[in-house]
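Protein chains get the first letters and strands the later ones, always in sequence-line order, with residue 1 at the start of each.
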Amino acid sequence: MDLLSRKATCNSHGQDSSYFLGWEEYEKNPYDVIKNPQGLIQMGLAENQLCFDLLESWLANNPDAANFKRDGQSIFRELALFQDYHGLSSFKNALADFMSENRGNRVSFDSNNLVLTAGATSANETLMFCLANPGDAFLLPTPYYPGFDRDLKWRTGVEIVPIQCSSTNGFRITKLALEEAYEQAKKLNLNVKGILITNPSNPLGTTTTQTELNILFDFISKNKNIHLVSDEIYSGTVFNSSEFMSVMEIIKKKQLENTDVFNRVHIVYSLSKDLGLPGFRVGAIYSNNKDVISAATKMSSFGLVSSQTQYLLSALLSDKKFTKNYLRENQKRLKNRQRKLVSGLEAMGIGCLKSNAGLFCWVDMRHLLSSKTFEAEIELWKKIVYEVKLNISPGSSCHCEEPGWFRVCFANMSEETLNLALKRLKKFVDDGNSKRSCQNNENQRQKSSRKKTMSTVSNWVFRLSFQDREAEER
Amino acid sequence: MKHLSTKVTSNAHGQDSSYFLGWEEYEKNPYDEIKNPNGIIQMGLAENQLCFDLIETWLAKNPDAAGLKKDGHSIFKELALFQDYHGLPEFKKALAEFMEEIRGNRVTFDPRKIVLAAGSTSANETLMFCLAEPGDAFLLPTPYYPGFDRDLKWRTGAEIVPIHCSSSNGFQITESALQQAYQQAQKLDLKVKGVLVTNPSNPLGTMLTRKELNLLVDFITSKNIHLISDEIYSGTVFGFEHFVSVMDVLKDKKLENSEVSKRVHVVYSLSKDLGLPGFRVGAIYSNDEMVVSAATKMSSFGLVSSQTQYLLSALLSDKKFTSTYLDENQKRLKIRQKQLVSGLEAAGVTCLKSNAGLFCWVDMRHLLDTNTFEAELELWKKIVYEVKLNISPGSSCHCTEPGWFRVCFANMSEDTLDLAMERLKEYVESTDSRRVISKSSHERIKSLRKRTVSNWVFRVSWTDRVPDER
């Protein structure tokens with residue numbers, strides 16, 4: 001296949017990965033409350049569908065924004081021609097303010113330090129192109145969003161080295177794990193260019209703690225050529241905003257504005273999760289590093305935000321009454337919905353990692369595994385997809401080191417659908433429990449093997465199965 | 001600049017390139033009919049501003065499309081969530097049909113072979129990522145759009161090797177030029193992966209002839225390489241002859257389902273034909289399933305806003321609109337081009353005979369002091385500072401002969417164009433008298449062909465400008 005690049009051909013297989021099944025099954029048999037009540041319920045898509053009513057009523061009250069009008073006058077021409085990679089300033093200003101609001105106005109963002117991109121997917125890739133050369137590495141705490149394997153590595157040639165996190169301490173980043181990851185990169189002869197965290201975390205649904213942030217900042221203060229990228233795409237989904245600490249707040253708190261660390265910390269943002277607008281392709285890079293801003297701005301040519309969309313959202317986000325109410329309502333509804341999922345799972349003896357953000361829970365199904373292996377995780381996952389008819393995401397797809405964890409989304413469906421999903425799962429667990437107590441007597445005589453086996457299909461195949469799916473599923 | 005990638009640091013300089021001056025001058029002093037009648041007239045931006053009224057009328061009559069409604073019902077939620085990199089099916093269908101209409105329905109486009117991208121800037125870069133390894137080369141006929149240096153090479157690591165075209169035959173691609181370029185690439189130890197042409201051409205404003213297209217298809221067949229045809233200006237053809245796409249040629253040669261057809265790819269965009277560069281709508285069309293598959297995944301890095309896809313699916317599905325629009329667009333472009341051509345003629349300046357595009361390729365060789373690029377730069381500065389017109393010097397497009405300039409005509413009103421022509425005429429007349437005296441002394445000086453600033457500096461000056469200026 002010499003005619004195409006390796007980038008193009010390395011991705012051609014993977015279509016027959018078993019992980020694909022969940023998605024395929026869903027598409028073959030999607031749940032619909034009226035048309036297909038026995039269908040598969042999609043719980044693998046981290047979408048925020050809880051506040052569309054707020055957006056729709058704003059649109060109804062402000063028709064100019066979508067209709068290319070400003071104060072009743074048509075600005076269609078202006079927008080049709082506007083392709084300046086510096087972005088619509090009214091939009092950037094509104095976005096910067098929105099980001100501040102999301103952080104309780106504890107920090108302020110300068111729109112001159114903002115680069116607009118076609119979604120966080122584009123923002124993350126662009127940052128890699130700016131910060132790293134092919135063969136360089138970024139350290140990422142596990143578990144992490146499967147899409148990073150494509151977004152950070154594919155066309156950039158950058159490598160990911162995992163910072164192993166474990167359930168023993170709630171999957172928190174430890175100094176030891178960070179140093180081990182760094183050593184591992186060195187062993188692999190990879191030049192570490194930075195650390196990338198998602199805060200709040202996908203798939204954990206937790207905000208990064210002050211302790212973790214201190215560890216990260218200490219590390220990059222000592223290692224002066226390492227960047228810290230904080231993907232804060234879920235910042236508006238924190239149930240209680242005082243619990244969210246952005247890297248920019250740390251900089252302010254530690255008074256690092258005049259140090260070189262200031263130039264090595266960057267934020268990625270997007271409106272796909274907080275506002276539930278993944279289709280509009282709105283992402284951003286925020287950096288105090290003028291060189292990064294300058295280069296990223298030029299690179300944004302490859303993924304600019306539609307001026308039609310920039311204008312609509314500049315009007316929306318400039319409406320402070322709207323944003324204030326939206327952020328508050330959004331948090332409230334997400335918190336309620338998460339509670340429903342958590343208590344529903346509790347009622348069937350399933351625990352979750354205690355979470356305070358995100359559109360999903362990190363669910364502990366280790367006790368449902370037939371053995372402490374990734375094979376058993378896949379087996380369980382297949383049962384949940386085919387028998388229980390719920391599409392959830394197995395932890396191995398997120399590079400989790402321990403089998404038995406699953407990411408389950410709660411904000412992309414109605415309350416009724418969530419109740420139904422829980423009902424189905426409870427039935428499965430109850431049925432399984434009776435079967436299990438019979439088997440348990442037999443098994444008690446066998447030693448449980450604690451061997452961790454690699455997932456049945458290699459990482460890249462798994463990654464590809466995600467890649468072949470909906471582009472921005474996070 | 002510390003701790004950043006080489007992609008970033010290699011591009012850090014060039015900010016002080018002299019070519020920047022034209023843009024900077026314009027921004028310092030932009031012409032405005034009322035507020036700044038002595039300002040610089042922008043003739044370096046290939047925008048199509050001639051048919052906005054048609055689109056605005058359509059929008060007024062069809063408020064649902066922009067209002068995120070279908071048959072009066074809100075589909076906001078559906079669109080807000082729609083991020084499928086396969087694209088909105090009704091949009092791809094409408095786009096495929098629009099592309100067919102532009103080609104007189106002589107060829108068909110299968111929507112499943114279309115990959116949407118955030119503008120043709122993104123489409124071209126994505127194709128490079130799919131077809132070339134870092135260090136591989138694509139052959140491009142000169143002169144070419146300056147943005148290609150960034151779009152095709154920057155992050156991909158691909159190289160461009162020029163196919164030199166000359167005014168001696170109207171800058172048409174010849175077989176010997178093709179072969180020479182191929183050999184040059186080999187000398188430079190570069191593996192040639194394909195040829196990329198812009199048809200109609202930017203900056204020439206001409207369509208590739210059937211002869212050239214046949215030559216290209218034969219060439220890529222014999223070398224087993226790709227052909228990318230950037231047909232972004234396909235809807236701006238206003239001559240008597242219709243636009244001949246590379247797809248027409250494949251059909252005529254009965255190569256439609258052949259192996260060669262898998263190596264021919266078309267790039268399109270709505271930025272020029274519809275005048276919508278701000279909406280970021282581009283597309284790759286390929287007969288190769290693997291290319292479509294890989295490019296589709298890569299489009300994740302530059303998807304088209306669903307809000308925009310929906311609006312344009314409604315617009316382009318309206319066949320009454322598209323048929324009227326294409327017709328009117330051609331008419332108005334033709335008239336406007338004529339206005340520029342005759343205005344230049346009145347100033348004793350000729351153009352390459354053109355039948356498409358939003359610009360003319362203007363011959364100012366006779367206005368140069370010497371047959372050199374230094375002289376071209378000098379003339380350009382005069383035109384920017386004294387005549388107060390921002391036009392694009394040929395060297396920025398890698399033209400091998402000094403003295404040619406690209407002058408845009410569709411991004412301003414008729415009156416502004418008249419004024420620009422008047423200013424140019426005045427300048428030419430005032431310098432004519434001066435030149436008669438100095439010409440004889442220069443006749444003895446041999447022409448130098450060296451450029452004063454390196455390519456990359458020039459390229460970088462363009463990259464610092466408005467992104468998709470073509």
For B/Asn48, all residues meeting side chain to side chain donor-acceptor pair (under 3.5 Å), sequence neighbours excluded: B/Asn329
Can you tell if the side chain of [X] reaches within under 4.5 Å of the side chain of [Y], non-hydrogen atoms only?
X        : Y        : result
A/Arg264 : B/His3   : yes
B/Leu4   : A/His227 : yes
A/Glu56  : B/Lys77  : yes
B/Met298 : A/Lys7   : yes

Rounded to the nearest 0.5 Å, what's the gap from [atom1] on [X] to [atom2] on [Y]? Could you check?
X        : Y        : atom1 : atom2 : answer
A/Leu4   : B/Arg263 : CG    : CZ    : 11.0 Å
A/Glu125 : B/Phe301 : CD    : CZ    : 4.0 Å
B/Arg155 : A/Thr156 : CZ    : OG1   : 10.0 Å
B/Lys7   : A/Thr126 : NZ    : OG1   : 11.5 Å
B/Ile55  : A/Phe76  : CD1   : CZ    : 4.5 Å

Quick check on [X] against chain B: is it the side chain, the backbone, both or neither that has a heavy atom closer than 4.5 Å?
X        : value
A/Thr309 : both
A/Leu59  : side chain
A/Lys224 : backbone
A/Val305 : backbone

Chain A-proximal positions within residues 60-69 of chain B [heavy-atom distance under 4.5 Å]: B/Pro63, B/Ala66, B/Gly67, B/Leu68
Heavy atoms from other residues, nucleotides or ligands near CD of B/Glu289 exceed 12 (cutoff 6.0 Å): no
Qualifying residues under ring pair (Phe, Tyr, Trp, His ring centres under 6.0 Å), relative to A/Phe280, sequence neighbours excluded: none
Considering all heavy atoms, the nearest A/Ser74-B/Glu56 contact: OG-OE2, 3.0 Å
Given A/Leu313, A/Leu312, A/Leu277, the one that forms side chain to side chain contact (heavy atoms under 4.5 Å, CB included) with B/Gln307: A/Leu312
By side chain to side chain contact (heavy atoms under 4.5 Å, CB included) - contacts of B/Glu133 (at least two apart): A/Ser5, A/Arg6, B/Asp136
